[in-house]
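Quick notes on the structure that follows.
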Amino acid sequence: QVQLVESGGGLVQAVGSLRLSCAASGLTFSRYPMGWFREAPGKERVFVASIRMSGGSTYYADSVKGRFTISRDNAKNTVYLQMNSLNPEDTAVYYCASGDRGTVVAGPIIPRYWGQGTQVTVSS
């Protein structure tokens, strides 16, 4: 059974930083592309960032490019999202997701499995 467990969310002031983590189990982590999505209140869930199986390539939504960094540690079965220069528009529930096994992504992943989400709130 695949499990993705996010952590690291919380309340932060504008221009602050947070690092989200997503620990994966029940899958051969290094064989799956991973991604982060977010869902703001009253809005649909949208793509934030993705990373290839090896971690060699990353992709970002325009709204976070230059501020957020996705990375992974295949030895720890964990994917991270470093978020800098946060602003209130980044307030959302952030979800970790895995793509399909063996898929070489060149942009947003097509999510196959989801985590439960972690709340990020940015105050002005």
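- Although no hydrogens or angles enter the test, the distance criterion places no donor-acceptor pair under 3.5 Å between the side chain of Ser63 and the main chain of Ala61.
- Annotation for Lys43: atom NZ does not count as buried by contact number, only 12 or fewer foreign heavy atoms lying within 6.0 Å.
- When all heavy atoms are compared, the tightest approach of Arg31 to Met53 is O-SD, 3.1 Å.
- When side chains are defined from C-beta on, Tyr94 does not count as touching Gln119, because their heavy atoms never get closer than 4.5 Å.
- Linking Ile, Leu, Val, Met, Phe, Trp and Tyr whenever their side-chain heavy atoms come within less than 4.5 Å puts Phe68 and Val79 in one cluster.
- Judged purely by atom type and a 3.5 angstrom limit, Arg67 uses its side chain to pair as donor or acceptor with the backbone of Ser85.
- The hydrophobic clustering, which links ILVMFWY residues whose side-chain heavy atoms are closer than 4.5 Å, places Val12 and Leu81 together.
- Panel note: side chain Gln3, backbone Ser25; no donor-acceptor pair is recorded below 3.5 Å.
- The 12-atom threshold is not exceeded at CD1 of Ile110, counting heavy atoms of other residues, nucleotides or ligands nearer than 6.0 Å.
- Between Pro111 and Trp114, the shortest heavy-atom contact is CG-CZ2, 3.3 Å.
- The minimum heavy-atom distance linking Asn74 with Ser30 is given by the pair ND2-CB, 3.7 Å.
- Val5 and Tyr95 are assigned to two separate hydrophobic clusters, defined by single-linkage of ILVMFWY side chains at heavy-atom distances under 4.5 Å.
- From Phe37, atom CZ reaches atom CD1 of Ile109 across 4.5 Å, with rounding to the nearest 0.5 Å.
- When all heavy atoms are compared, the tightest approach of Ser123 to Leu11 is CB-CD1, 4.3 Å.
- No donor-acceptor distance shorter than 3.5 angstrom exists from the side chain of Arg72 to the backbone of Tyr80, with no hydrogens or angles considered.
- When all heavy atoms of Ser124 and Pro88 are compared, the pair lying nearest together is CB-CG, 3.9 Å.
- In this structure, Arg45 places its CZ atom where more than 12 heavy-atom neighbours from other residues, nucleotides or ligands lie under 6.0 Å away.
- Expressed to the nearest 0.5 Å, how far CD1 of Ile70 lies from CE of Met34 amounts to 8.0 Å.
- Residues Leu18 and Ile51 share a hydrophobic cluster, clusters being chains of Ile/Leu/Val/Met/Phe/Trp/Tyr side chains in contact below 4.5 Å.
- Atoms SG and CH2, from Cys22 and Trp36 in turn, are 5.0 Å apart once rounded to the nearest 0.5 Å.
- Side-chain atoms of Ser54 come within 3.5 Å of backbone atoms of Gly56 as a donor-acceptor pair (strictly under, hydrogens ignored).
- Between the Thr91 side chain and the Val122 main chain, a donor and an acceptor come within less than 3.5 Å of each other.
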side-chain hydrogen bond (donor to acceptor under 3.5 Å, both in side chains) assessment of Ser17 paired with Asn84: CA-CA 4 Å; Ser17 299; Asn84 298 328; 2.9 Å; yes
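- To the nearest 0.5 angstrom, Leu20 atom CG is 11.0 Å from Arg38 atom CZ.
- The two atoms that bring Leu4 and Ala24 nearest to each other are CD2-CB, 3.5 Å, heavy atoms only.
- Although no hydrogens or angles enter the test, the distance criterion places no donor-acceptor pair under 3.5 Å between the side chain of Glu39 and the main chain of Glu44.
- Here the CE-CG distance, from Met83 to Asp90, works out to 7.5 Å after rounding to the nearest 0.5 Å.
- The distance from atom OH of Tyr113 to atom CD of Gln1, rounded to the nearest 0.5 Å, is 10.0 Å.
- By the rule that hydrophobic residues join a cluster once side-chain heavy atoms approach within less than 4.5 Å of another member, Phe29 and Tyr32 end up as members of one cluster.
- Residues Pro33 and Arg52 fail the side-chain proximity criterion, which asks for heavy atoms closer than 4.5 Å.
- For the pair Arg112 (side chain) and Arg101 (backbone), a donor-acceptor distance under 3.5 Å is absent.
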